[in-house]
Participant: 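Before we start, here is the structure in question, set down as structure tokens.
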Number of protein chains: 2
Amino acid sequence: MERERTRLPPSRRFLPNSGGQATWPPGFSWFGTDPDCREHGGLIPPIQMSACDTCIVRNRAICAGLEDPEIAALSTMGRRRAVTAGEPLIWEDDASLLVANVIEGVLKLTTSTADGREQIVGVAYPSDFIGRPFGQTSAASVVALTDARVCVFSRNDFDRYAREHPELEHKLLERTLAELDRTRAWMMLLGRKNASEKIATFLLDMSERLAETGCAPHPGPAKRFTLPFSRQQVADVLGLTIETVSRQLTKLKSDGVVALPTRRDVEILDRGALVTLAG
Amino acid sequence: MERERTRLPPSRRFLPNSGGQATWPPGFSWFGTDPDCREHGGLIPPIQMSACDTCIVRNRAICAGLEDPEIAALSTMGRRRAVTAGEPLIWEDDASLLVANVIEGVLKLTTSTADGREQIVGVAYPSDFIGRPFGQTSAASVVALTDARVCVFSRNDFDRYAREHPELEHKLLERTLAELDRTRAWMMLLGRKNASEKIATFLLDMSERLAETGCAPHPGPAKRFTLPFSRQQVADVLGLTIETVSRQLTKLKSDGVVALPTRRDVEILDRGALVTLAG
DNA sequence: CGCCGCATTTGATTTCAATCAAGGATTGCG
DNA sequence: CGCAATCCTTGATTGAAATCAAATGCGGCG
């Protein structure tokens, strides 16, 4: 999709993988390709077979720790859905009709002005919860950045179920509080950091978020990773223009702080320098 | 406090009402001065007399709707505390030791960089909940903007109590989700709006937030209100400098959009113009 | 393999807000 | 009442990032 710097409101048509929205690199997996890397390992599935039993985020999403009958109940309410890169799942200001768990892939949460400026206000990774429970409308759009799979629930069903299951609500509360902390840290970046600090902070954040596979006990920040963002999307995360993002990255490359083997790949050569720059 | 644009980290000493931190204007009340304006009106207090029974935010804070024995239990855990303007209640990155309900007054939530730049990431009004439950550290400092009264709980006590009272956790979840929505809307402002749009959005937001007395059924946005912020603090909310805030306000005044009778008072003369400017 | 479409980079220029620097206006206090 | 402190406003200048404009080169496809 040609990035609009025009003043046109973003249309709602779905352009499947339009305009070079990169599909996820072949062979890449958010969970690693090691077949042993399964959190519920070789355990025999419980009595009732359901999609949840084989769910790769089963032990990290809000479903984690629920008893089998509860999982079974949830399982009947939810359904798997594939979302291709660039495809929207939820629209800003629309009635909040569905909520979901991310199983695989990455999605962006965005808000837009009437004249088409966009700000990415959140990024959802596997096991993250998306959507607005207990509310009439959604404050942000949710659009897939990569091909993704999600486990969707009707918001009404979910709300009702959650109110009857305090343990689930508690997990949701913990997640929401953590997300609020992250969001507030990002406000500092948007309001008070300059372009080079923003880029450095962003790269460090990415190296941490993209390393969280949930498999290795503590993988630590990734030294090398593949961005789920185009340059324009990086700009939309940081409140910058695409040109400024490009120039800052070029500078980091020529200073030997990072290597940029492809458009989407980043290798951190001097983490210390990034930490210093991040302020 | 002389606003630091120096690169010194903010010190932690408490400067009571220092540097012209305005105390709340005499006679001003966040709840209106009409004596009939009490949400539980002339009802006879229940059996057990406690501070909660006369609490002015009793029916708006997360305590609302709790049964009497539960209120009694909470009441024994919490204690009232006065916080004078400029006084900190919680420090960024410190262990999360306490949480609180705001009874009266306004507090700011801030994050700071090592070199002393500050961003206000939230504002707490009466009936709002502050602090970080279910977490080890607090991501933001909390400092009173005006003389304030809060109802404080030990975080440990609160966490334990909340986990046993799903209804309380549900209220906290609803609040946290709403706060996350507001925060994300503010990210759009910080990342994508220009100075004049920021100021217009800010004034409209203030006129709504400061009108919420909880007394009149639907008071609507206030036409005239008193800012709980100094110019520097407005700048810290909007990610601007004090000079830019001043210039933008002067412009709105000379354009006849607002009147600024005192440093802290704002009267909106042309709401439509503000809405247009807010974008 | 070579071409085409776009995303990205790079360069030139502009502009908006930050910075630097005084000069007023409130407020509180002696 | 007058002074001091400091908050706020206003002006001049700078500067960082946006904008405008044009190459460049990657990636997909025939």
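Please read these numbers as outputs of a predicted model, since none were measured by experiment.
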Participant: Expressed as a whole number of angstroms, how long is the span from A:Asn194:CG to C:dA17:C1'?
Facilitator: 14 Å

Participant: Taking side-chain hydrogen bond (donor to acceptor under 3.5 Å, both in side chains) as the test, write out the residues that go with B:Asp255, two or more places apart.
Facilitator: B:Lys251

Participant: For the pair made of CG in A:Leu252 and C1' in C:dT10, what is the distance, rounded to whole Å?
Facilitator: 16 Å

Participant: Take atom CZ of A:Arg117 and atom C1' of D:dA18, then tell me their distance rounded to the nearest Å.
Facilitator: 13 Å

Participant: A:Glu179: what forms a salt bridge (Lys or Arg N to Asp or Glu O under 4.0 Å) with it, not counting sequence neighbours?
Facilitator: A:Arg182, B:Arg184

Participant: Grab the NZ-P distance between B:Lys251 and C:dA17 for me, whole Å please.
Facilitator: 12 Å

Participant: Using the rule side chain to side chain contact (heavy atoms under 4.5 Å, CB included), only one of A:Leu238, A:Leu240, A:Leu249 pairs with A:Phe202; which is it?
Facilitator: A:Leu238

Participant: Work out how much the helix from C:dC1-D:dG30 to C:dG30-D:dC1 bends between its end axes, five pairs an end, to the nearest 10 degrees.
Facilitator: 40°

Participant: Take the protein atom CG of A:Leu145 and the nucleotide atom C1' of C:dA7, then report the distance between them rounded to whole Å.
Facilitator: 16 Å

Participant: A:Ile199 CD1 to C:dT8 P: how many Å, rounded?
Facilitator: 13 Å

Participant: Nearest heavy atom decides the nucleotide; on that basis, is A:Ser196 or A:Thr262 closer to the 5' end of DNA chain D?
Facilitator: A:Ser196

Participant: Whole-Å distance between C:dA18 C1' and A:Lys193 NZ?
Facilitator: 19 Å

Participant: Flag the pair A:Leu109 / A:Ile120 as yes when at least one side-chain heavy-atom distance between them is below 4.5 Å, and no otherwise.
Facilitator: no

Participant: A:Lys253: what forms a salt bridge (Lys or Arg N to Asp or Glu O under 4.0 Å) with it, not counting sequence neighbours?
Facilitator: none

Participant: Kindly write out the residues that satisfy side-chain hydrogen bond (donor to acceptor under 3.5 Å, both in side chains) with A:Thr262, not counting sequence neighbours, or none if the list is empty.
Facilitator: A:Asp265

Participant: Test of understanding: with salt bridge (Lys or Arg N to Asp or Glu O under 4.0 Å), list the residues that count as partners of B:Arg81, not counting sequence neighbours.
Facilitator: B:Glu87

Participant: Applying side-chain hydrogen bond (donor to acceptor under 3.5 Å, both in side chains), which residue pairs with at least one partner in residues 270-279 of chain B are found, sequence neighbours left out?
Facilitator: B:Ser207-B:Arg271

Participant: Would you kindly give the CG-to-C1' distance between A:Leu238 and D:dA16, to the nearest whole Å?
Facilitator: 16 Å

Participant: Applying side-chain hydrogen bond (donor to acceptor under 3.5 Å, both in side chains), can you list everything that pairs with B:Thr201, at least two apart in sequence or on another chain?
Facilitator: B:Lys193

Participant: Tabulate protein N/O versus nucleotide N/O from nucleotides 8-10 of chain D, keeping only pairs under 3.5 Å, one per line.
Facilitator:
residue, atom, partner, partner atom, Å
D:dC8, OP2, B:Arg231, N, 3.2
D:dT9, OP1, B:Arg231, NH2, 3.3
D:dT9, OP2, B:Arg231, NE, 2.8
D:dT9, OP2, B:Ser246, OG, 2.8
D:dT9, O5', B:Ser246, OG, 3.0
D:dT10, OP2, B:Thr250, OG1, 2.8

